[in-house]
K.L.:
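Before I ask anything, let me first share the structure, which is written out below as structure tokens.
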Amino acid sequence: MSPLQLCLLFSSLLFCVGLAGALSRSNTILVLLGIELMLNAANLNFIAFWRYGPHPEAGTGLIFVLFAIAVAAAEAAVGLALVIAIHRHRKSIRLQEANSLKG
Amino acid sequence: MIALAIIALLTFAAAISAFVLRNLIHSVLLLVGAWAGIAAFYLWAGAEFVAFAQVLVYVGAVSMVVLFAVLLTRQGATTAPVEFDSLKRGVFGFVVAGGVGGLLVGAILGSPLDVHTAATNPAVSVKELGHLLMGPHAAALLIVGVLLTVALLGAMVIAASDKPEDTP
């Protein structure tokens, strides 16, 4: 098995751990953390393909990961602010109880 | 290769136990460990600057924001465990994640990847990265800066208290 395949296996299994966490927990903060873990696993793919791709000197994968990390930081800040706002209104952060926007 | 296996095992252990544990603080701290493991993977792959960015942003900043959110949304009792989630939801999550995982692993193992094994790590120095960021990607860098500013201002507005005596 080539090292590229090992890296891809690592990232896809990490993605599945994040997916299972995001789907099976009902605490909003843990769901958000699962999504963050899935985003990190996607970043691992960029680095793996940059490292073992045909043009590693171009550095495109590195640039993409840097921008993805910046966007993920913004997403985490807004998401946690939403969690705090929901907690203020409902005194709970369970997903099942924050359903007032549901049709 | 052995280093990659060790990094992967430690990261998996941290991530899985983070989503299995009942105590929210322990989960968050274990996830910080998983993010540090991902930074170690970046170092192993030769992307030092990305590893430092990962440590600064995730292990440093995002973990603090998450811990503050956990502490601010705490209910009454200090060490109350997270209430037990429904079994149906857990089984559904594991089935979906297992299906996606099987699909991904099958696709990776079944596709002939044209591996370009460089003898040495492809060194893109921080100077070259800075030239790339300031040259061809300068517009994206500016947009990310504006995006971060807007997002943090929006987070402040959303999370700020809206009690009647605060508003004029």
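Just so it is clear, the model here is predicted, and its values are computed rather than measured. Here is how names work: the chains are called A, B, and so on, in the same order as the sequence lines, proteins then strands, and each is numbered from 1.
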K.L.:
Check each atom of B:Val144 against the heavy atoms of chain A and say whether the ones under 4.5 Å are side chain, backbone, both or neither.
P.N.:
side chain
K.L.:
Could you check whether any side-chain N or O of A:Arg51 sits under 3.5 Å from a backbone N or O of B:Tyr42, counting only pairs where one atom can act as donor and the other as acceptor?
P.N.:
no
K.L.:
Of all of B:Gly98, B:Ala47, B:Ala34, which one pairs up most often with chain A through heavy atoms under 4.5 Å apart?
P.N.:
B:Ala47
K.L.:
Heavy-atom distances under 4.5 Å only: say whether B:Val70 touches chain A with side chain, backbone, both or neither.
P.N.:
both
K.L.:
Pick one of side chain, backbone, both or neither for A:Ala58, based on which atoms fall under 4.5 Å of a heavy atom in chain B.
P.N.:
backbone
K.L.:
Just give me the residue among B:Phe92, B:Phe49, B:Phe94 that pairs up with chain A most often, heavy atom to heavy atom, under 4.5 Å.
P.N.:
B:Phe49
K.L.:
Just how far is it from atom CG of A:Leu37 to atom CZ of B:Phe19, taken to the nearest 0.5 Å?
P.N.:
5.5 Å
K.L.:
Under 4.5 Å, counting heavy-atom pairs only, tell me which of B:Ser111, B:Gly154, B:Gly93 racks up the most with chain A.
P.N.:
B:Gly93
K.L.:
Can you tell me how far the CG atom of A:Leu66 sits from the CZ atom of B:Phe52, to the nearest 0.5 Å?
P.N.:
12.5 Å
K.L.:
Which atoms form the tightest heavy-atom contact between B:Gly46 and A:Trp50, and what is the distance?
P.N.:
O-CH2, 3.9 Å
K.L.:
Please verify the inter-ring angle class for B:Trp44 with A:Tyr52; under 30° counts as parallel, over 60° as perpendicular, anything in between as tilted.
P.N.:
tilted
K.L.:
Please determine, among B:Val65, B:Leu104, B:Thr73, B:Val50, the option with the most heavy-atom pairs under 4.5 Å with chain A.
P.N.:
B:Thr73
K.L.:
Let me know if B:Ala8 has heavy atoms under 4.5 Å from chain A in its side chain, its backbone, both or neither.
P.N.:
both
K.L.:
Select one option (side chain, backbone, both, neither) describing which atoms of B:Leu72 are under 4.5 Å from chain A's heavy atoms.
P.N.:
both
K.L.:
Tell me, out of A:Leu6, A:Leu9, A:Val65, who's got the most heavy-atom pairs with chain B below 4.5 Å.
P.N.:
A:Leu9
K.L.:
Determine the sole option in A:Asn43, A:Leu44, A:Ile47 for which the side chain to side chain contact (heavy atoms under 4.5 Å, CB included) test with B:Ile38 is passed.
P.N.:
A:Leu44
K.L.:
Where on B:Glu128 is there a heavy atom nearer than 4.5 Å to chain A: the side chain, the backbone, both, or neither?
P.N.:
neither
K.L.:
So, for B:Ile108 and A:Ser12, which heavy atoms are closest and what is the spacing to 0.1 Å?
P.N.:
CD1-OG, 3.6 Å
K.L.:
Hey, what do you get for CD1 (B:Ile158) to CG (A:Leu80), rounding to the nearest 0.5 Å?
P.N.:
11.0 Å
K.L.:
Could you tell me which portion of B:Leu4 (side chain, backbone, both or neither) has an atom closer than 4.5 angstrom to a non-hydrogen atom of chain A?
P.N.:
side chain
K.L.:
A:Ala81 and B:Ala155: which non-hydrogen atoms are nearest, and at how many Å?
P.N.:
CB-O, 3.4 Å
K.L.:
If I take atom OG1 from residue B:Thr11 and atom CZ from residue A:Phe10, how far apart are they, to the nearest 0.5 angstrom?
P.N.:
4.0 Å
K.L.:
Select, from A:Ile86, A:Ile84, A:Leu62, the one with the greatest count of heavy-atom pairs under 4.5 Å involving chain B.
P.N.:
A:Leu62
K.L.:
Out of curiosity, B:Leu30 CG to A:Leu33 CG, how far, rounded to the nearest 0.5 Å?
P.N.:
11.5 Å
K.L.:
Between B:Val95, B:Leu147, B:Leu109, B:Val28, who has the most heavy-atom pairs with chain A when the cutoff is under 4.5 Å?
P.N.:
B:Leu109
K.L.:
Would you say A:Leu82 ends up clustered with B:Val66 if hydrophobic residues are merged whenever their side chains have heavy atoms under 4.5 Å apart, either directly or through other cluster members?
P.N.:
no
K.L.:
Going hydrophobic residue to hydrophobic residue with side-chain gaps under 4.5 angstrom, can you get from A:Ile69 over to A:Phe49?
P.N.:
yes
K.L.:
Tell me, for A:Ile29 versus chain B, whether the close heavy atoms (under 4.5 Å) come from the side chain, the backbone, both or neither.
P.N.:
side chain
K.L.:
Let me know if A:Val78 has heavy atoms under 4.5 Å from chain B in its side chain, its backbone, both or neither.
P.N.:
both
K.L.:
Under a 4.5 Å heavy-atom cutoff, which of A:Cys7, A:Gly59, A:Ala85 has the most pairs with chain B?
P.N.:
A:Cys7
K.L.:
Output the option from A:Leu8, A:Ile63, A:Leu32, A:Leu19 having the highest count of non-hydrogen pairs under 4.5 Å with chain B.
P.N.:
A:Ile63
K.L.:
Identify whether B:Val105 and A:Leu4 are in the same connected component of the hydrophobic contact network (ILVMFWY, side-chain heavy atoms under 4.5 Å).
P.N.:
yes
K.L.:
Would you name the heavy atoms of B:Ala97 and A:Ala20 that are closest together and state the gap between them?
P.N.:
CB-CB, 3.6 Å
K.L.:
Step through the shown structure and confirm whether more than 12 heavy atoms of other residues, nucleotides or ligands are within 6.0 Å of CE on B:Met1.
P.N.:
yes
K.L.:
Identify which of B:Leu141, B:Leu152, B:Val62 forms the greatest number of heavy-atom pairs closer than 4.5 Å to chain A.
P.N.:
B:Leu141
K.L.:
Please look at B:Tyr58 and chain A and tell me whether the side chain, the backbone, both or neither of the residue comes under 4.5 angstrom of a heavy atom of that chain.
P.N.:
side chain
K.L.:
Please classify the contact between B:Ser27 and chain A as side chain, backbone, both or neither, with a heavy-atom cut-off of under 4.5 Å.
P.N.:
side chain
K.L.:
State, to 0.1 Å, how close A:His87 and B:Arg74 come at their nearest heavy-atom pair, and which atoms those are.
P.N.:
NE2-O, 4.2 Å
K.L.:
Can you get from A:Ile35 to B:Val100 by hopping between Ile, Leu, Val, Met, Phe, Trp and Tyr side chains that sit under 4.5 Å apart?
P.N.:
no
K.L.:
What is the distance from atom CG of A:Asn40 to atom CZ of B:Phe41, rounded to the nearest 0.5 Å?
P.N.:
11.5 Å
K.L.:
Any side-chain heavy atom of B:Leu132 sitting closer than 4.5 Å to one from A:Thr60?
P.N.:
no
K.L.:
Are A:Leu39 and A:Phe46 connected, step by step, through hydrophobic side chains (Ile, Leu, Val, Met, Phe, Trp, Tyr) whose heavy atoms are closer than 4.5 Å?
P.N.:
no
K.L.:
How close do B:Arg89 and A:Arg25 get, heavy atom to heavy atom, and via which atoms?
P.N.:
NH2-O, 3.4 Å
